[in-house]
Asks: 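Sharing a structure here in structure tokens format.
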Amino acid sequence: MNNIKYAFILTSIAGASTLIGLLPIFFKVKNENKLISMSCSFASGIIISISMFDLMPESIHYIRERFSFIPTIIIAITSIFIGIVLSMILDHYVEEKSSNNSLYKVGLLSMIAIILHNIPEGIVTFIVSSKDISLGIPLTLAIAMHNIPEGISIGIPIYYSQKSSSKAFWYTFISAISEPFGALITYLFLKNIITNTSLGILFAIIAGIMLQISTCKLLPTSLNYNYKKSSVISFTVGFIFMFIILFFN
């Protein structure tokens with residue numbers, strides 16, 4: 001029972017770290033457009049790095065426990081493609097609801113993608129922590145580190161598109177609580193039925209969603225502000241930063 005309690009605590013800490021990404025909105029900046037541009041490109045680098053070096057390898061690892069190499073690759077690529085298509089459909093739906101506010105749309109899509117990412121992340125954190133707390137603690141720290149820039153990808157676009165710190169907070173908060181929500185549904189319903197194969201397919205689908213949003217929304221939005229040099233530097237820093245975090249995970 002103690003392990004279950006600690007698993008919930010660790011998962012909640014990992015999710016709550018997303019809110020740290022809101023900190024930049026509380027500081028006055030001379031050039032808001034440059035901050036938006038750099039934040040979007042930084043978040044894009046983070047998300048692409050997560051997709052390439054975390055979600056995709058994890059997907060292949062889980063699927064290959066049941067299938068041989070070739071079927072594993074086919075299933076993973078198909079799942080990524082499904083994720084991209086789902087993200088394009090979602091993008092079209094959000095386009096109709098966002099009143100042509102492209103920055104708001106970026107924040108909304110980022111929130112949805114990160115929720116979809118955080119729920120299975122919460123599932124994995126809960127399962128690992130409930131079995132072995134010594135493995136759960138470093139996993140939580142690694143997740144917390146990459147949740148911070150994910151919070152930036154939501155908070156900055158929402159704040160500057162809506163000029164509302166409360167909206168930025170609530171959108172980011174909804175994303176943050178999706179992590180312990182993943183733990184809760186695992187405890188109540190999934191712990192005895194979820195399989196590594198289903199997790200692997202889910203990770204690949206989410207990788208597809210996140211790649212589509214980062215390359216087709218976050219990065220183009222950053223470049224639209226005409227701070228190309230700053231955008232490239234921010235993207236590179238985000239990409240390398242997350243690669244280092246995942247390397248030591």
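Worth knowing before you read on, the calculation uses all heavy atoms, side chains too, and leaves out hydrogens, waters and symmetry mates.
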Asks: Have S231 and S37 got a donor and an acceptor in their side chains that come within less than 3.5 Å?
Replies: yes
Asks: Ring-plane angle category for F42 and F241, please: parallel below 30°, perpendicular beyond 60°, tilted otherwise.
Replies: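 Answer is tilted, since the angle falls between 30° and 60°.
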Asks: If you group Ile, Leu, Val, Met, Phe, Trp and Tyr by side-chain heavy-atom gaps below 4.5 Å, do I119 and L188 land in one group?
Replies: yes
Asks: Tell me, with the steps shown, if I74 and F67 meet side-chain contact (heavy atoms from CB on, under 4.5 Å).
Replies: CA-CA 10 Å; I74 293 172; F67 297 96; over 6 Å; no
Asks: Mind checking whether N196 and R66 have side chains closer than 4.5 Å, heavy atoms only?
Replies: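 Side-chain contact under 4.5 Å: no.
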Asks: Please find the pair of heavy atoms, one from I156 and one from P24, that lie closest to each other, and give the distance.
Replies: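 Heavy atoms of I156 and P24 come nearest at CD1-CB, 3.8 Å.
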Asks: Please say yes or no: joined through hydrophobic side-chain contacts below 4.5 Å, possibly via intermediate residues, are M210 and I89 part of one cluster?
Replies: no
Asks: For the atom pair CD1 (I201) and CD1 (I80), what is the distance rounded to the nearest 0.5 Å?
Replies: 12.0 Å
Asks: Check the pair I9 / Y6 against side-chain contact (heavy atoms from CB on, under 4.5 Å), numbers first and verdict last.
Replies: CA-CA 5 Å; I9 292 172; Y6 291 132; 4.1 Å; yes
Asks: Taking all atoms of both residues into account, what is the closest heavy-atom pair of S130 and I4, and its distance?
Replies: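 Minimum heavy-atom separation between S130 and I4: CB-CD1, 3.9 Å.
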Asks: When rounded to the nearest 0.5 angstrom, what distance separates CD1 in I206 from CG in L86?
Replies: 11.0 Å
Asks: Is the shortest side-chain heavy-atom distance between S153 and I114 below 4.5 Å?
Replies: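 Of all side-chain heavy-atom pairs linking I114 with S153, at least one is under 4.5 Å.
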Asks: Would you say S41's side chain and M38's backbone share a donor-acceptor pair under 3.5 angstrom?
Replies: yes
Asks: So, T125 versus T11: side-chain donor-acceptor pair below 3.5 Å or not?
Replies: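 Judged by distance alone, the side chains do not pair up.
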Asks: When you compare the side chain of L211 with that of M56, does any pair of heavy atoms fall below 4.5 Å?
Replies: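 Touching, per the 4.5 Å side-chain cut-off.
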Asks: Would you check if Y104 and Q162 make a side-chain contact, meaning some heavy-atom pair closer than 4.5 Å?
Replies: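 Of all side-chain heavy-atom pairs linking Q162 with Y104, at least one is under 4.5 Å.
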Asks: Where is the tightest heavy-atom contact between A168 and T172, given as atom of each residue plus distance?
Replies: O-OG1, 2.7 Å
Asks: Could you please spell out the steps behind the ring pair (Phe, Tyr, Trp, His ring centres under 6.0 Å) verdict for F53 and F239?
Replies: CA-CA 10 Å; F53 302 121; F239 187 89; 5.5 Å; yes
Asks: Taking the side chain from S59 and the backbone from L55, do they hold a donor-acceptor pair closer than 3.5 Å?
Replies: no
Asks: Give the minimum heavy-atom separation between I143 and A14, together with the two atoms involved.
Replies: CG2-CB, 3.8 Å
Asks: So, taking the atom named CD1 in I213 and the one named OG in S51, what distance separates them when rounded to the nearest 0.5 Å?
Replies: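 It comes to 9.5 Å.
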Asks: Any idea which heavy atoms bring C40 and T221 closest together, and the distance?
Replies: SG-CG2, 4.1 Å
Asks: If you count heavy atoms of other groups shown closer than 6.0 angstrom to NZ of K163, is the number above 12?
Replies: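 Yes, the 6.0 Å shell around NZ holds more than 12 heavy atoms from other groups.
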Asks: Would a hydrophobic clustering, with Ile, Leu, Val, Met, Phe, Trp and Tyr connected at side-chain separations under 4.5 Å, put F26 with Y171?
Replies: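 They do share one cluster, since a chain of ILVMFWY contacts under 4.5 Å joins F26 to Y171.
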Asks: Under 30°, 30 to 60°, or over 60°: which ring-plane class applies to F8 and F126, parallel, tilted or perpendicular?
Replies: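 The rings of F8 and F126 sit tilted, inter-plane angle from 30° to 60°.
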Asks: Would you confirm whether S44, through its side chain, and S214, through its main-chain N or O, come within 3.5 Å as a donor-acceptor pair?
Replies: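 Yes, S44 side chain to S214 backbone: donor-acceptor pair under 3.5 Å.
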Asks: Does any N or O in the side chain of T236 come within less than 3.5 Å of the main-chain N or O of V232, such that one atom is a donor and the other an acceptor?
Replies: yes
Asks: How many angstroms lie between CG in L35 and OG in S230, if you round to the nearest 0.5 Å?
Replies: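 With rounding to 0.5 Å, CG (L35) is 11.0 Å from OG (S230).
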Asks: Hydrophobic clustering (ILVMFWY, side-chain heavy atoms < 4.5 Å, transitive) - are F69 and I63 grouped together?
Replies: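 As far as the 4.5 Å side-chain criterion goes, F69 and I63 are not connected within one cluster.
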Asks: Compare every heavy atom of F203 with every heavy atom of P120, then report the nearest pair and how far apart it is.
Replies: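 That closest heavy-atom pairing would be CB-CE2, 4.0 Å.
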Asks: Would you list the pairs meeting side chain to side chain donor-acceptor pair (under 3.5 Å) in which at least one residue belongs to residues 197-210, sequence neighbours left out?
Replies: T195-S198
Asks: Please work out whether the ring planes of F173 and F169 are parallel, tilted or perpendicular, with thresholds of 30° and 60°.
Replies: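 Parallel.
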Asks: With distance as the sole test, does N118 use its side chain to make a donor-acceptor pair with the main-chain N or O of S175 at under 3.5 Å?
Replies: yes
Asks: Would you check if I47 and H117 make a side-chain contact, meaning some heavy-atom pair closer than 4.5 Å?
Replies: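 No - every pair of side-chain heavy atoms lies 4.5 Å or more apart.
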Asks: Would the distance check show the side chain of N147 and the main-chain N or O of S17 forming a donor-acceptor pair, the cut-off being under 3.5 Å?
Replies: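 No: the side chain of N147 does not pair with the backbone of S17.
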Asks: Apply the test side-chain contact (heavy atoms from CB on, under 4.5 Å) to residues L223 and F235: give CA-CA distance (whole Å), side-chain angles for both, the deciding distance (0.1 Å), then the verdict.
Replies: CA-CA 11 Å; L223 295 174; F235 176 88; over 6 Å; no
Asks: I need the N33 CG to Y160 OH distance, nearest 0.5 Å.
Replies: 9.5 Å
Asks: Would you say W170 ends up clustered with Y159 if hydrophobic residues are merged whenever their side chains have heavy atoms under 4.5 Å apart, either directly or through other cluster members?
Replies: yes
Asks: Just to verify, which of I50, D54, I48 counts as forming a side chain to side chain contact (heavy atoms under 4.5 Å, CB included) with M242?
Replies: I50
Asks: At what distance, to the nearest 0.5 angstrom, does CD1 of I209 lie from CD1 of I115?
Replies: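 Answer for the CD1-CD1 pair, I209 versus I115, is 11.5 Å.
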